[in-house]
Amino acid sequence: MAYKYSFLDGETYGAEDINGIVQKITGSGVSPFLTKDTYAPEDLNSLTKELVEAGTSMNGLKVTVEDNIARIGKGIGFFSSGATVEVDDDGTEVEIIAGKTNYIYAEHNEETNIISFMSSPSRPADTNHVHPILLGKISSTGVLTDLRAHAKSKVVTFGRNNIKKITLSNITVKNENTIYTPDFDYSDFNFMFALVQHSAYENYKFPVRIYDLNSDKILNADTDNAHIYYEIRDNKIALCALGSQTYKNIDIYFV
């Protein structure tokens, strides 16, 4: 089975399920969930909501594309409803429409009592009964943008665990084009940096200067990629290109 999910109505859950979800999120420590003799699915989903915000496990549910198929890799997804989905080593697949924009996401529909992986030409929105986890966007030209947000723990940790990675694949840009502008609120992050894999040098990733999001300054001035730079555009930080270039992969990190 490619993926399984919990906790939904009509299913029976025991101590092993409860301990399993706590272990996935906390590893060890004190759970903010009180022991009961019996549990309804809403009890178990409230446990997840107490421990973690919506998103994916670290580097989990990564999307790749081949032959009009979006493949979702191993990982765990945490919905805003408190439900979870776990993809195994086999992964799972979603068909896409070539030449069209495709948003790839997992969805928990509380009305139908179903969790599934889907694609849509429009960006899904979280509603009272339908809860998506955005995973990726495939443009009409086949460019894949990683839209995953890593789930953040709500319990006390030894340090900040807020890290976001966006991967762009098969990018062709022209002079002064914007490569990437965040479509999320990045105020919780301190720094932005990137690793660039040029199509002509596939065995090496070039570092891009680190950008301090708090002070709007470049920190490592001695590290330079002559073709990529930062610029504020429309009141947001943008990663931009100088000259016509083709890149196999660009990994963008917010930390």
Side-chain angles (χ1 to χ4, degrees), residues 56-75 87 89-105 117 119 121 123 134-150 163-184 186 189 191-211 213 218-231 233 236-255:
T56 70
S57 57
M58 189 63 67
N59 296 322
L61 306 185
K62 182 178 181 178
V63 178
T64 55
V65 182
E66 186 176 356
D67 298 329
N68 293 332
I69 296 292
R71 181 175 177 82
I72 295 96
K74 180 179 180 180
V87 176
D89 291 330
D90 294 332
T92 189
E93 296 178 343
V94 174
E95 290 190 9
I96 60 175
I97 301 175
K100 302 289 185 179
T101 297
N102 291 263
Y103 284 92
I104 310 300
Y105 58 99
F117 287 87
S119 67
R123 187 185 182 100
L134 272 170
L135 302 177
K137 176 185 176 182
I138 304 166
S139 72
S140 59
T141 58
V143 175
L144 172 62
T145 303
D146 189 345
L147 296 181
R148 292 174 300 165
H150 292 135
I163 301 173
K164 186 176 181 68
K165 177 184 176 183
I166 295 93
T167 298
L168 309 179
S169 300
N170 301 318
I171 303 295
T172 299
V173 293
K174 296 181 180 180
N175 192 37
E176 296 186 357
N177 268 10
T178 298
I179 298 174
Y180 173 78
T181 301
D183 59 355
F184 62 93
Y186 52 84
F189 299 92
F191 306 104
M192 173 184 177
F193 66 93
L195 294 176
V196 178
Q197 188 176 23
H198 198 282
S199 59
Y201 305 97
E202 295 188 0
N203 295 323
Y204 183 74
K205 290 187 176 182
F206 297 90
V208 178
R209 296 173 175 179
I210 297 174
Y211 190 86
L213 296 168
I218 294 173
L219 300 184
N220 52 337
D222 56 334
T223 301
D224 190 18
N225 184 304
H227 301 291
I228 296 182
Y229 61 97
Y230 300 103
E231 188 171 289
R233 296 185 174 181
K236 279 194 170 184
I237 186 65
L239 195 65
C240 307
L242 182 65
S244 299
Q245 300 289 328
T246 299
Y247 303 100
K248 183 177 180 180
N249 285 300
I250 299 177
D251 294 326
I252 304 167
Y253 295 85
F254 291 84
V255 297

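Taking the ring axis of Tyr186 as reference, the NZ or CZ atom of Lys164 does not stay both within 45° of it and closer than 6.0 Å to the ring centre.
Counting heavy atoms from C-beta outward, Lys100 and Asn102 have side chains that approach closer than 4.5 Å. Counting heavy atoms from C-beta on, the side chains of Leu242 and Ile228 never come closer than 4.5 Å. Residues Ile138 and Thr101 have side chains not in contact (no heavy-atom distance under 4.5 Å, counting atoms from C-beta outward).
Not one N or O on the side chain of Asn170 forms a donor-acceptor pair closer than 3.5 Å with the backbone of Tyr247.
In terms of heavy atoms, Ile237 sits closest to Pro182 at O-CD, 3.1 Å.
Ion pairing of Arg123 with Asp183 is present here, as a side-chain N (NZ or NE/NH1/NH2) and a carboxylate O approach within less than 4.0 Å.
The environment of CD1 in Ile97 is sparse: at most 12 heavy-atom neighbours from other residues, nucleotides or ligands sit within 6.0 Å.
The OH atom of Tyr105 sits 7.5 Å away from the OG atom of Ser119 when rounded to the nearest 0.5 Å.
The salt bridge (charged side-chain N to carboxylate O under 4.0 Å, His left out) check on Asp67 picks up nothing, with sequence neighbours excluded. Under the rule for a side-chain contact (heavy atoms from CB on, under 4.5 Å), the partners of Thr167 that lie at least two apart in sequence or sit in another chain are Asp146, Lys165, Ser169, Asn249, Asp251. Applying the salt bridge (charged side-chain N to carboxylate O under 4.0 Å, His left out) test to Lys62 and every residue at least two apart in sequence or in another chain returns nothing.
Side chains of Thr181 and Arg233: a donor-acceptor N/O pair is absent below 3.5 angstrom, by distance only.
Among Thr92, Val87, Ile104, the single residue meeting the side chain to side chain contact (heavy atoms under 4.5 Å, CB included) criterion with Leu61 is Val87. With Tyr211 as the fixed residue, the ring pair (Phe, Tyr, Trp, His ring centres under 6.0 Å) test singles out one of Tyr253, Tyr230, Phe254: Tyr230. Partner of Met192 under the side chain to side chain contact (heavy atoms under 4.5 Å, CB included) criterion, out of Ile166, Ile210, Val255, Leu239: Leu239 alone.
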